[in-house]
Amino acid sequence: MAQSITHRGTVEGFKGKHISVRITQAAACSSCVAKKLCNSSESKEKLIDVVSEDADDYCIGELVCLTGTLESGLTAVLCAYAYPLVLLLVVLLSVTYGCGSEPLGALSALGSVALYYFVLYMNRERLTRRFLFTIKHIKE
């Protein structure tokens, strides 16, 4: 069985087959007893759009469980962090050694990463279809 990523959330609203669910993303150390003394513990709320055929079965304020595949999570991390880092290093080293100019290499590397994130932003609708969450009722 494939591993999955789950989040508990609250239904905030509807729009056709789209359900808006508010989840709280917590840092790994948020359950630590010393979290008040540490600056690294943080949590933030996020609004997730879930497409469901049975959107009418859910009501606002209901607790739900969102599930995504581990593969989707790893792909998102690669797209957000790993690929830009590799691009930055490749462009920096190739321009620096090719042209012999460190400032030109640095500017080219930063420009290429900015262009990468712009292209990612422009393709956000296509990427949204790739990173899907499923929604389930929480039975208490």
Kindly indicate, with the supporting measurements, whether the criterion side chain to side chain contact (heavy atoms under 4.5 Å, CB included) is fulfilled by Thr67 and Ile5. CA-CA 6 Å; Thr67 306; Ile5 301 168; over 6 Å; no
Please answer whether the main-chain N or O of Ala80 pairs with a side-chain N or O of Tyr117 as donor and acceptor at a distance below 3.5 Å. yes
Can you check whether Gly68's main-chain N or O pairs, donor with acceptor, with Ser4's side chain at less than 3.5 Å? no
Would you compute the distance between atom NE2 of His137 and atom CG of Leu63 and round it to the nearest 0.5 angstrom? 12.0 Å
Side chain to side chain contact (heavy atoms under 4.5 Å, CB included) between Val113 and Leu85, worked out: CA-CA 8 Å; Val113 171; Leu85 177 64; over 6 Å; no
Is it true that, when you exclude Glu12 itself, more than 12 heavy atoms of the residues, nucleotides or ligands shown sit nearer than 6.0 Å to its CD? yes
Inter-residue atom distance Thr6.OG1 - Leu66.CG, 0.5 Å rounding: 9.0 Å
Sidechain-backbone polar pair: Arg126 side chain, Asn123 backbone, donor-acceptor under 3.5 Å: no
So with a 6.0 Å cut-off around CD of Glu62, is the heavy-atom count from everything else above 12? yes
Can you find a pair of side-chain heavy atoms, one from Arg8 and one from Ile138, that are under 4.5 Å apart? yes
Are Ile135 and Ile60 linked, directly or through intermediate hydrophobic residues, by side-chain heavy-atom contacts shorter than 4.5 Å (ILVMFWY only)? yes
Starting from Val86, can I reach Leu88 by hopping between I/L/V/M/F/W/Y residues whose side chains sit under 4.5 Å apart? no
Hey, what do you get for CG (Leu115) to OG (Ser108), rounding to the nearest 0.5 Å? 12.0 Å
Just by distance, do the side chain of Tyr81 and the backbone of Ala76 share a donor-acceptor pair under 3.5 Å? no
Give, for atom SG of Cys59 and atom CZ of Phe14, the distance between the pair rounded to the nearest 0.5 Å. 6.5 Å
When you measure from the side chain of Ser112 to the backbone of Ala109, do you find a donor-acceptor pair of N or O atoms at a distance under 3.5 Å? yes
For residues Arg22 and Lys46, determine if any side-chain heavy atom of one lies less than 4.5 Å from a side-chain heavy atom of the other. no
I need the Leu87 CG to Leu92 CG distance, nearest 0.5 Å. 10.5 Å
Please determine whether residues Val50 and Tyr58 belong to a single hydrophobic cluster, defined as Ile, Leu, Val, Met, Phe, Trp and Tyr linked transitively by side-chain heavy-atom distances below 4.5 Å. yes
Rounded to the nearest 0.5 Å, what's the gap from OG on Ser72 to CZ on Phe133? Could you check? 8.0 Å
Are Val21 and Leu47 close enough that some pair of their side-chain heavy atoms sits under 4.5 Å apart? no
Is the backbone N or O of Cys79 less than 3.5 Å from a side-chain atom of Tyr116, with the two atoms forming a donor-acceptor pair by type? yes
Show, in sequence, the C-alpha distance, side-chain angles and deciding distance for Leu127 and Leu120, and conclude whether the side chain to side chain contact (heavy atoms under 4.5 Å, CB included) test is met. CA-CA 8 Å; Leu127 290 171; Leu120 208 61; 3.6 Å; yes
